[in-house]
Amino acid sequence: MPELPEVETIVRELRPQLVDRRISAVRMSRQRLRKQWQKSWERQLIHHRVAAIRRRGKWILLDLDPDLHLVIHLGMTGQLTIRPAQELLRTHTHLVFSLDGGHSELRFRDTRRFGSATLFASGAELERFFEEVELGPEPFHLNAKYWQQRLAATRRCLKAVLLDQRVVAGVGNIYADESLFQARLHPARLGNEVSATEAMRLRRALIRVLNRAILQRGSSIRDYVGGSGQRGQYQEEFRVYQRAGQPCPRCRKPIACIRLAGRATHFCARCQPLSDSKNVVPCI
DNA sequence: ATAGGCGCCTGCTGGC
DNA sequence: TGCCAGCAGGCGCCTA
């Protein structure tokens, strides 16, 4: 499931292969993605040069000359890779962008089709889109005051706040759990009941975990591969995620798994204490 | 404001 | 071995 570190890895790996190249053809599958791909976008893209590829939260942005913006979200199972044109198309490949010589292709593959690809005809349209979805700041640019205020202003639990893309962009289930463990904060703690010190601890942990995961080129649980089709390594460093019942790496108490904010949530009940007892539904 | 539920979607897993 | 329910979860939408 691509979250910020996976998307960042893909963007970094695609950049040298994609920038300065022109799209010479576009093909699509019959199956629709989360947002319907418009046939007219294909004509708009052809002959245009990729000026830059960047990431915003979990979104991948391809900026094309003069002012076209292809915005891709990988959902749960999306893959974006450059492959030689002669390589057989794998099942669930939904979009294929031929690159200038026609020898290679940018391919968007998504088994479960929770992903999307959209074209914006100007930078203004692109900006409007991010305003509409109210995408929050990048974790690395989380202003201390902003972060404290967002936490203080909500009675939602920390897990739910971390997953909210409007508060902070790019965090998904894996890195929410890993950051809360690193910060020694129980995922069910309420935003407005967290001290300023604890809020800063969480911010620091989040940044540390994300940076480490980027260094390891993301986590490959099943589908995820980087822009060159290579798997990530961070799953080897999971402290709590998907480790229910296994000993806590810090205190040896078995890792717990509960359902929170509609998600499986992993933590150590000893290292991440919850002062007041709460009704939490065990899972597994 | 916030929680919870559903639907989208496929592949894998566990129980029988 | 086969079948099927249940689960995984990002996101948008709806209702309470």
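Reckoned from all heavy atoms, side chains included, excluding hydrogens, waters and symmetry mates. Here is how names work: the chains are called A, B, and so on, in the same order as the sequence lines, proteins then strands, and each is numbered from 1.
Here B:dT2 is the nucleotide among C:dG10, B:dT10, B:dT2 with the atom lying nearest to any side-chain atom of A:Arg156. Taking the side chain of A:His92 as heavy atoms from C-beta on, and the options B:dG11, C:dC11, C:dG10, the nearest nucleotide is B:dG11. With distances taken from any side-chain atom of A:Lys58 to the nucleotides C:dC11, B:dT10, C:dG9, the minimum falls on C:dC11. Of the candidates B:dT2, B:dG11, B:dC9, the closest approach to any side-chain atom of A:Thr154 belongs to B:dT2.
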Dot-bracket line, read 5' to 3' along DNA chain C, where crossing pairs take [ ] and | marks a partner on another strand, Watson-Crick or G-U under 3.5 Å
.|||||||||||||||

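Between A:Leu260 atom CG and B:dA3 atom P the separation is 9 Å, expressed in whole Å. One interatomic measurement links the two molecules: CG of A:Leu4 to P of C:dG9, which rounds to 18 Å at whole-angstrom precision. One atom, NE2 of A:His266, and another, P of C:dC7, lie 14 Å apart when rounded to the nearest Å. What separates CG of A:Leu151 from C1' of B:dA1 is a distance of 16 Å, to the nearest Å. Here C:dA8 presents its P atom at 15 Å from CD of A:Glu3, a figure rounded to the nearest Å. Atom C1' of nucleotide C:dC11 and atom NE2 of A:His73 are separated by 7 Å, given to the nearest angstrom. Rounding to whole angstrom units, CG of residue A:Leu163 and P of B:dT2 are separated by 15 Å. Straight-line distance from the CD atom of A:Glu193 to the C1' atom of B:dT2: 15 Å, rounded to whole Å.
A distance below 6.0 Å separates the ring centres of A:Tyr234 and A:Tyr175. The distance between the ring centers of A:Trp59 and A:Phe129 falls below 6.0 angstrom.
A stacked arrangement is not assigned to A:Phe114 and the six-membered base ring of C:dC11, the conditions of a centre distance below 5.5 Å and an interplanar angle below 30° not being jointly met.
Side-chain atoms of A:Arg34 and base atoms of C:dC11 include a donor and an acceptor less than 3.5 Å apart. Residue side chain A:Arg112 reaches the base of B:dC9 through a donor-acceptor N/O pair under 3.5 Å, judged by distance alone.
Taking the six-membered ring for Trp and thresholds of 30 and 60 degrees, A:His92 and A:His94 have ring planes inclined between 30 and 60 degrees apart.
Toward the 5′ end of DNA chain C lies the nearest nucleotide of A:Gln242, the other residue of the pair A:Gln242 and A:Val171 mapping further downstream. Where A:Cys157 and A:Thr91 meet DNA chain B, the nucleotide closest to each residue was compared, and A:Cys157 sits on the side nearer the 5' end.
When atom types are taken as modelled, the side chain of A:Trp147 and the backbone of A:Ala199 share a donor-acceptor pair closer than 3.5 angstrom.
Using a 4.0 Å heavy-atom distance criterion, A:Arg155 is classed as a sugar-phosphate-only contact. Residue A:Arg263 is classed as a base contact, given a heavy-atom separation below 4.0 Å to a base. Looking at heavy-atom distances under 4.0 Å, A:Tyr175 makes no contact with the nucleic acid at all.
Between A:Arg56 and A:Ala169, the shortest heavy-atom contact is NH1-CB, 3.9 Å. Shortest non-hydrogen contact noted between A:Asn173 and A:Arg263 is OD1-CB, 3.4 Å.
Listed by first and then second residue, the salt bridge (charged side-chain N to carboxylate O under 4.0 Å, His left out) pairs involving residues 65-86 of chain A are A:Arg49-A:Asp65, A:Arg83-A:Glu87 (not counting sequence neighbours).
Between A:Tyr241 and the phosphate of C:dA8, there is no side-chain N or O to OP1/OP2 separation shorter than 4.0 Å. Residue A:Arg259 places at least one side-chain N or O under 4.0 Å from the OP1 or OP2 atom of C:dA8. The side chain of A:Gln165 places no N or O atom within less than 4.0 Å of a non-bridging phosphate oxygen (OP1 or OP2) of C:dG10.
Between the side chains of A:Ser24 and A:Asp100, no donor N or O sits under 3.5 Å from an acceptor N or O.
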